[in-house]
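For reference, the structure discussed in these notes is given below.
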Amino acid sequence: MSFECLTTDSQTSARRGRLTLPHGTVETPIFMPVGTQGTVKTLHPDDLVALDAQIILGNTYHLNLRPGLEVIEHFGGLHRFADWDRPILTDSGGFQVWSLAKLRKITEEGVRFQNHLNGATMMLSPEVSMQIQATLGSDIAMLFDECPPYPCDEKYAVDSLALTTRWAKRCKEWVESNQPRSGDGLQKHFGIVQGSTFADLREQSARELVELDFDGYAVGGISVGEPEHEMIRAIDNAVPFLPKDKPRYAMGLGTPPQMLEMVARGVDLFDCVMPTRVARHGQAFTLDGPIVIKNEKFRLDDRPICETSPPQVARFSRGYIRHLFKANEMLGLRLLSIHNLNFYLRLMEQARAHIEAGTFLDFKDNFIQRYNRKSS
RNA sequence: GGGUAGAUGGCCGAGUGGUUAAAGGCGACAGACUGUAAAUCUGUUCACGUAAGUGUACGAAGGUUCGAAUCCUUCUCUGCCCA
């Protein structure tokens with residue numbers, strides 16, 4: 001059993017779990033920093049270890065394009081290539097089909113697209129994606145799905161979901177004929193629930209995937225520009241049909257309050273570019289909500305970013321970090337990236353502790369109330 | 001002293017009779033960002049007004065013209081060249 005549910009919250013659907021993977025154990029609920037191109041932007045792997053990041057992401061589309069499989073194979077897989085010996089989850093490239101939409105054509109076989117680097121025509125299919133992820137050697141490989149846009153009409157959603165399900169079967173068949181049957185050291189495979197904003201489709205998708213039996217289940221098709229209530233609905237419409245003894249992953253989420261709401265609904269895994277991207281754009285998360293460090297009001301502010309800042313960031317004043325951003329200095333990007341990832345990781349750490357202590361609901365409500373309160 | 005080029009909004013810099021409150025860049029001030037084509041993108045940036053608009057403004061003063069940042073005169077200042 002690779003996933004163990006240790007504690008279940010009595011007031012919410014939150015659970016405290018443990019996921020055992022080839023490169024280590026992951027305590028859930030957990031946030032997974034995004035390292036698309038084999039690096040969490042601006043950070044050294046030692047930084048991630050210092051922040052106690054337990055698992056990070058890599059991306060099939062991007063890594064296949066550059067440096068290319070031959071290079072990664074030469075270096076013995078993504079872990080050795082990037083010198084990261086903890087777990088890695090790789091996304092299948094399905095999201096890039098959506099985000100690079102102008103350059104692609106979806107067929108039964110897969111997706112034919114012009115890559116964004118040199119425009120060459122390439123093909124990504126269930127088999128190709130699984131093959132690439134196997135070569136990357138990630139701990140968790142995501143199935144190749146189609147991520148429908150938002151908004152999305154029902155006809156499109158029905159057809160798209162049917163395709164995603166057929167692709168899921170092909171992914172499973174590829175894995176069964178190319179990888180050993182079982183074992184703790186084996187790559188895990190997560191199915192992705194689609195169905196857009198339609199409750200019946202979400203349920204159908206979840207049931208079909210569970211029927212196929214994967215190691216874990218993700219909810220996809222969210223974080224594509226939909227309003228927050230649709231995001232939450234998508235989770236509510238899918239989670240009840242997912243097995244309790246398998247990990248659940250909300251793809252691409254979210255803000256700190258969103259993650260806590262999702263934990264309360266029984267989600268175990270999160271990933272999001274937000275903490276690292278907005279950090280590079282000068283935004284920092286604090287217990288009182290996000291702040292834009294570039295704002296003039298921080299010019300003479302000698303306080304640290306937030307009481308949650310780790311020591312390597314807390315030693316610097318807001319005024320100094322503001323200066324780094326105004327002067328375009330790289331250290332600023334790095335400091336806020338560290339700060340924001342720490343904020344996300346500690347938030348999940350606290351969520352785990354409160355689930356164990358039976359105080360999660362109060363913790364969540366208090367956190368969100370303070371986070372959303374308008375203050376300077 | 002002679003010659004020559006120039007003086008534009010916080011800075012740099014287009015513009016050489018009307019469509020110019022004046023391109024563009026920088027700076028400044030805000031905003032956005034959710035399975036990363038993102039150290040990116042968007043908005044604002046003379047004054048007053050929510051706005052229509054009004055007033056000032058392209059070194060200074062005067063002039064030509066229906067109309068001038070743009071043409072003419074004088075002056076001031078700056079760069080370069082020659083003595």
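Lettering of chains follows the sequences in order, A, B, ..., and the numbering in each one begins at 1.
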Does any residue of [range] have a heavy atom under 4.0 Å from RNA chain B, and if so, which ones, in number order?
range: residues 140-147 of chain A; value: Asp145(A), Cys147(A)
range: residues 35-68 of chain A; value: Thr36(A), Lys41(A), Leu57(A), Asn59(A), His62(A)
range: residues 326-346 of chain A; value: Lys326(A), Met330(A), Leu333(A)
range: residues 267-277 of chain A; value: Asp271(A), Cys272(A), Val273(A), Met274(A), Thr276(A), Arg277(A)

Can you identify which nucleotide, out of [options], has its nearest atom closest to the [X] side chain?
X: Ser223(A); options: G31(B), U34(B), U36(B); result: U34(B)
X: His281(A); options: C29(B), A39(B), A37(B); result: A39(B)
X: Ile192(A); options: G35(B), G31(B), A37(B); result: G35(B)

Using 4.0 Å as the upper bound for N to carboxylate O, is an ion pair formed by Asp268(A) and Lys246(A)? no

Using a strict 4.0 Å threshold on nitrogen-to-oxygen distance, state whether Asp153(A) and Lys155(A) make a salt bridge. no

Find the runs of at least 3 consecutive base pairs, i with j, i+1 with j-1 and so on, that include RNA chain B, using Watson-Crick or G-U wobble geometry with both distances under 3.5 Å.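 Correct response: B:1-7 with B:76-82, B:10-12 with B:24-26, B:27-32 with B:40-45, B:46-48 with B:53-55, B:59-63 with B:71-75.
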
Ignoring backbone atoms, establish whether Gln96(A) has a side-chain N or O less than 4.0 Å from OP1 or OP2 of U36(B). yes

I want to check one thing: is the phosphate of C29(B), taken as OP1 and OP2, less than 4.0 Å away from some side-chain N or O of Arg299(A)?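 No, no such contact exists.
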
When you compare C46(B) with A22(B), how far apart are their P atoms, in angstrom units rounded to a whole number? 10 Å

Sequence neighbours left out, cut at 3.5 Å: what donor-acceptor pairs do the side chains of residues 270-279 of chain A make with other protein atoms?
residue, atom, partner, partner atom, Å
Asp271(A), OD1, Tyr249(A), OH, 2.6
Asp271(A), OD1, Gly252(A), N, 2.9
Thr276(A), OG1, Val273(A), O, 3.1

Does anything in residues 103-145 of chain A form a ring pair (Phe, Tyr, Trp, His ring centres under 6.0 Å)? List the pairs, not counting sequence neighbours. Tyr61(A)-Phe113(A), Tyr61(A)-His116(A), His62(A)-His116(A), Phe144(A)-Trp167(A)

Name all pairs fulfilling the ring pair (Phe, Tyr, Trp, His ring centres under 6.0 Å) condition that reach into residues 21-40 of chain A, sequence neighbours left out, sorted by first residue then second.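 Passing the test, one end in residues 21-40 of chain A: His23(A)-His79(A), Phe31(A)-Tyr344(A).
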
Among Ile55(A), Ile56(A), Val26(A), side chain to side chain contact (heavy atoms under 4.5 Å, CB included) partner for Met32(A):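 Output: one option passes, namely Ile55(A).
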
Nucleotide N/O of nucleotides 41-47 of chain B paired with protein N/O under 3.5 Å:
none

Atom pairs and distances, side-chain donor-acceptor, residues 253-267 of chain A, under 3.5 Å, sequence neighbours left out:
residue, atom, partner, partner atom, Å
Thr255(A), OG1, Gln258(A), N, 3.2
Thr255(A), OG1, Gln258(A), OE1, 3.4
Gln258(A), OE1, Thr255(A), N, 2.9
Gln258(A), NE2, Glu228(A), OE1, 2.8
Glu261(A), OE1, Arg265(A), NH1, 3.2
Glu261(A), OE1, Lys364(A), NZ, 3.2
Glu261(A), OE2, Lys364(A), NZ, 3.3
Arg265(A), NE, Asp236(A), OD1, 2.9
Arg265(A), NE, Asp236(A), OD2, 3.4
Arg265(A), NH1, Glu261(A), O, 3.2

I'd like to check the salt bridge (Lys or Arg N to Asp or Glu O under 4.0 Å) partners of Glu230(A); sequence neighbours left out, ordered by chain and number. Arg233(A)

Which atom of His339(A) lies closest to which atom of Cys306(A), heavy atoms considered: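 Answer, listing the atom of His339(A) first, then Cys306(A): CE1-CB, 3.7 Å.
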
All pairs passing salt bridge (Lys or Arg N to Asp or Glu O under 4.0 Å) where residues 321-348 of chain A contributes a residue, at least two apart: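 As it turns out, the salt bridge (Lys or Arg N to Asp or Glu O under 4.0 Å) pairs with a partner in residues 321-348 of chain A, which skip direct neighbours, are Asp47(A)-Arg334(A), Arg346(A)-Glu349(A).
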
